[in-house]
Amino acid sequence: MAPTCPSSNTEAVDQGSFWSSGNTNWDAHRIGWAVAGGCAALTLIISCVSISQHCRNYNKPSEQRQILRILYMPLVYAVISFLSYRFFRSYTYYSLVESAYEAVTLSAFLLLLIEYVADTASGRDALKAMERKDKRRLPMPFCCWRFRPTKPYFMYTVKWSVLQYVIILPACSIAGIICQAFNVLCESEGYSIYYASVYLEVINFISISIALYGLILFYALTKEELAGRRPLAKFLSIKLIVMFTFYQSFVFSWLEGRVIHATEYWTETNIADGLNALAICIEMVFFSAFMMWAYTVNEYKIEGAPKTRIWRPLWDSINYKDFGVEILGSLKFFVDYVRGKPSTHSGRRADAEFVNNHNKRMDFGQAFGVEGSTY
């Protein structure tokens, strides 16, 4: 029989509400509850202002649908963290749902960068934006290998390196929720090989490492084309959220039993989780303001143009058909690559076919889906 986790909660006893017998009960927990709720509300206001500005100036749907998905990130984190603080006994479930949105944000960021690169070329021909790129070395730690940016297989690989995270992280979150329901996840027990948490963490770590490497590789390759679009600020506004939430969770876990001690109502794990959720609620206020600046709507305002309705942008941002198209397109390419189709391989024969029949050979724009897009 598989070992189960020791309980990370006390008996189902709570202190009640803020108000009891007409008096306000302001202790540390309730103060934290109020602060978390206030910060979540402030994040909601800032994010809604930023989102509504893009919705009302929705003049480049291919770019702004990705921006809207990114702008949801602080809002999603703040609301879910507040709920995980309020309903602390179900913290693990909320945290697993919260982390899944990180994959959506990173993938949206890559697709946004692709649109930026395509926009720098005449006729939005992404191939022209990349054709001057020479063969070069991969970033550390794979600098011993070289790549040619204009080859279709390379472009599909970069895209897939990020989009795989959209599949892996939600799948791990679902697996984590199931394991938690069967009491075999055991995040509070650290990295024990007897529980599911360590294996899910390893899978997540490998997946996000590949995704971040793909993003860094693409940014290093196209930083000249991205000049003036605040790409570093845009990336940091996402990555810093991921870093803060990860490292502070590690710190609070380490403090359990050392600085953090159990009380009548909460275990050490409850308190560490609550502090982490409270910190996230506070941080999201600043990150939502940072994102408003990094993803400024000023780039999309057209003087004299009528304001757009908000419903289509909102629908575009939650319609993930483009993610599905990109993922399936990449999978099809790799299947064709394994089968040895000439259009997927480089070499003299394939290059000759490209010269003789350009339309049958996949170029950069086709690989990244920025030409003839219907979604």
Side-chain angles (χ1 to χ4, degrees), residues 1-8 73 76-77 80-81 84 90-110 138-145 157-218 235 238-257 268-269 272-273 275-277 279-280 323 327 330-331 334:
M1 183 176 177
T4 57
C5 308
S7 177
S8 59
M73 189 180 190
V76 169
Y77 271 56
I80 294 181
S81 292
S84 65
S90 301
Y91 176 89
T92 300
Y93 295 109
Y94 287 111
S95 65
L96 289 169
V97 174
E98 178 183 87
S99 63
Y101 197 76
E102 176 190 334
V104 174
T105 307
L106 287 177
S107 299
F109 181 68
L110 173 67
L138 288 166
M140 290 289 290
F142 304 109
C143 52
C144 295
W145 286 275
T157 302
V158 170
K159 184 166 62 173
W160 179 248
S161 70
V162 179
L163 291 175
Q164 54 82 25
Y165 198 43
V166 175
I167 301 173
I168 299 297
L169 187 56
C172 285
S173 293
I174 293 172
I177 290 171
I178 295 172
C179 290
Q180 178 69 7
F182 284 95
N183 205 29
V184 294
L185 183 65
C186 250
E187 289 186 322
S188 61
E189 292 300 303
Y191 298 108
S192 171
I193 62 172
Y194 299 106
Y195 302 111
S197 177
V198 64
Y199 302 104
L200 294 178
E201 287 288 345
V202 168
I203 295 171
N204 279 338
F205 178 78
I206 294 172
S207 182
I208 192 174
S209 297
I210 294 172
L212 290 176
Y213 189 85
L215 279 175
I216 293 171
L217 177 58
F218 187 75
F235 178 68
I238 300 170
K239 185 54 188 169
L240 288 177
I241 292 178
V242 178
M243 289 179 60
F244 270 68
T245 55
F246 175 79
Y247 285 111
Q248 72 194 19
S249 176
F250 175 79
V251 170
F252 287 131
S253 296
W254 183 84
L255 292 176
E256 290 180 33
E268 295 169 354
T269 300
D273 291 343
L275 289 172
N276 188 45
I280 291 174
F323 279 17
I327 290 171
S330 297
L331 286 174
F334 289 126

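In this structure, Trp160 and Phe334 have perpendicular ring planes: the angle between them is above 60°, well past the 30° mark.
Proximity of Val242 to Ile208: side-chain heavy atoms (C-beta onward) are separated by under 4.5 Å at one or more points. Side-chain contact between Leu255 and Glu268: absent, with no pair of heavy atoms (C-beta onward) separated by less than 4.5 Å. Looking at heavy atoms from C-beta onward, Thr105 lies out of side-chain contact with Phe109 at the 4.5 angstrom threshold. For the pair Leu106/Val166, no side-chain contact is recorded, criterion being any heavy-atom separation below 4.5 Å from C-beta on. Taking 4.5 Å as the limit, every side-chain heavy atom of Ile210 sits out of range of all side-chain heavy atoms of Phe205. No side-chain heavy atom of Gln248 sits less than 4.5 Å from a side-chain heavy atom of Leu275.
The two residues Leu96 and Leu185 have their closest heavy-atom pair at CD1-CD2, 4.3 Å. Here the shortest heavy-atom pairing between Cys186 and Ser197 reads O-CB, 4.0 Å. The nearest pair of heavy atoms linking Tyr91 to Asn276 is OH-ND2, 2.9 Å. The two residues Ser81 and Tyr77 have their closest heavy-atom pair at OG-O, 2.7 Å.
Under a 3.5 Å cut-off, the side chain of Tyr213 and the backbone N or O of Val162 do not form any donor-acceptor pair. Judged by distance alone, the side chain of Ser107 and the main-chain N or O of Val104 form no donor-acceptor pair under 3.5 Å. Judged by distance alone, the side chain of Gln164 and the main-chain N or O of Ser161 form a donor-acceptor pair under 3.5 Å. Looking at Ser84, its side chain never comes within 3.5 Å of a backbone N or O of Ser95 through a donor-acceptor pair. The backbone N or O of Ile203 lies less than 3.5 Å from no partner atom in the side chain of Ser207, so there is not a single donor-acceptor pair.
Scored by the ring pair (Phe, Tyr, Trp, His ring centres under 6.0 Å) test, Phe244 finds Phe287 as partners (sequence neighbours excluded). Listed by chain and residue number, Glu102 satisfy the side chain to side chain donor-acceptor pair (under 3.5 Å) test with Tyr165 (two or more places apart in sequence, or in another chain).
Atom CG of residue Leu200 and atom CD1 of residue Ile174 lie 11.5 Å apart, to the nearest 0.5 angstrom. For the atom pair OG1 (Thr245) and CG (Leu240), the distance works out to 10.5 Å, reported to the nearest 0.5 Å. Put simply, CG on Leu217 and OG1 on Thr157 are 10.0 Å apart, with the number rounded to the nearest 0.5 Å.
Atom OH of Tyr194 has 12 or fewer neighbouring heavy atoms from other residues, nucleotides or ligands inside a 6.0 Å radius.
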